[in-house]
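Structure first, commentary second.
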Amino acid sequence: NIKTIGDAVSCSQKLGNIETLKEEPKVTLESLDTHSTIELDIKALHEKYLTAFAKFAELINDISKSIKPIFNDKISELKIYIREHPNMVDYNLSSNNIGSEGAIALAPDIKQLKSLIILRIASNNIGSEGAIALAPDIKQLKSLIILRIASNNIGSE
């Protein structure tokens, strides 16, 4: 059960335990003068590739499942921080990789920061969806003077 980034790293290290295919296909040459028989054990080799790929896919699935709880914990921590510091004037969320889901989740909390003068939310990959979710809540921040929102893959919207 993966609950932390360390667990995810440990799981990814298991990739080194996947059976590698070092065997060469079997080739037998008989009587080069009259006829040659080349027997390739392709079926067995193919099965080993499929087995290794299935193990790899299973590990990737485990890792991707583990990222969601870690992400949710990070967003929860940011939400708690906002609630505990409602009078902050400069909030730097830059480079936290919160994504659009994180921006959507944080939007209602950010509007509670009535004293906020500077909001830095650059380099978080919030995308257009996250920016659209944040816009109405940021608009309610009457004291806000500086908004840093660059490098978020927002596009032309």
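Everything numeric here is computed off the predicted structure, so don't read it as measured data.
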Exercise for review: Test Y91 against I121 for side-chain contact (heavy atoms from CB on, under 4.5 Å), laying out the working first.
Suggested key: CA-CA 8 Å; Y91 193 30; I121 197 163; over 6 Å; no

Practice item. Enumerate the residue pairs fulfilling side-chain hydrogen bond (donor to acceptor under 3.5 Å, both in side chains) with a member in residues 112-123, sequence neighbours excluded, ordered by first and then second residue. Key: D90-R120

Practice item. Could you list the residues that satisfy salt bridge (Lys or Arg N to Asp or Glu O under 4.0 Å) with D137, not counting sequence neighbours? Key: K111

Exercise for review: State, to 0.1 Å, how close I110 and L141 come at their nearest heavy-atom pair, and which atoms those are.
Suggested key: O-CD2, 3.5 Å

Revision key, fill the gap. Residues 115-137 vs ring-ring contact (aromatic ring centres under 6.0 Å, His included), sequence neighbours excluded, gives none

Point to revise | Qualifying residues under side chain to side chain contact (heavy atoms under 4.5 Å, CB included), relative to I104, sequence neighbours excluded | key: E129, A133

Check your understanding: Considering residues at least two apart in sequence or located in another chain, which fulfil the side chain to side chain contact (heavy atoms under 4.5 Å, CB included) criterion with N125?
Key -> N97, N153

Point to revise | Fellow cluster residues of I145, listed by chain then number, with links counted only when side-chain atoms sit under 4.5 Å apart | key: V89, I117, I118, I146

Check your understanding: Same cluster for I80 and L119 if Ile/Leu/Val/Met/Phe/Trp/Tyr side chains link at under 4.5 Å?
Key -> no

Review point. Distance-only, no hydrogens or angles: does the N96 side chain make a donor-acceptor pair with backbone N or O of I98 under 3.5 Å?
Key: no

Practice item. For residues G155 and S128, report the shortest heavy-atom separation together with the two atoms involved. Key: N-OG, 4.3 Å

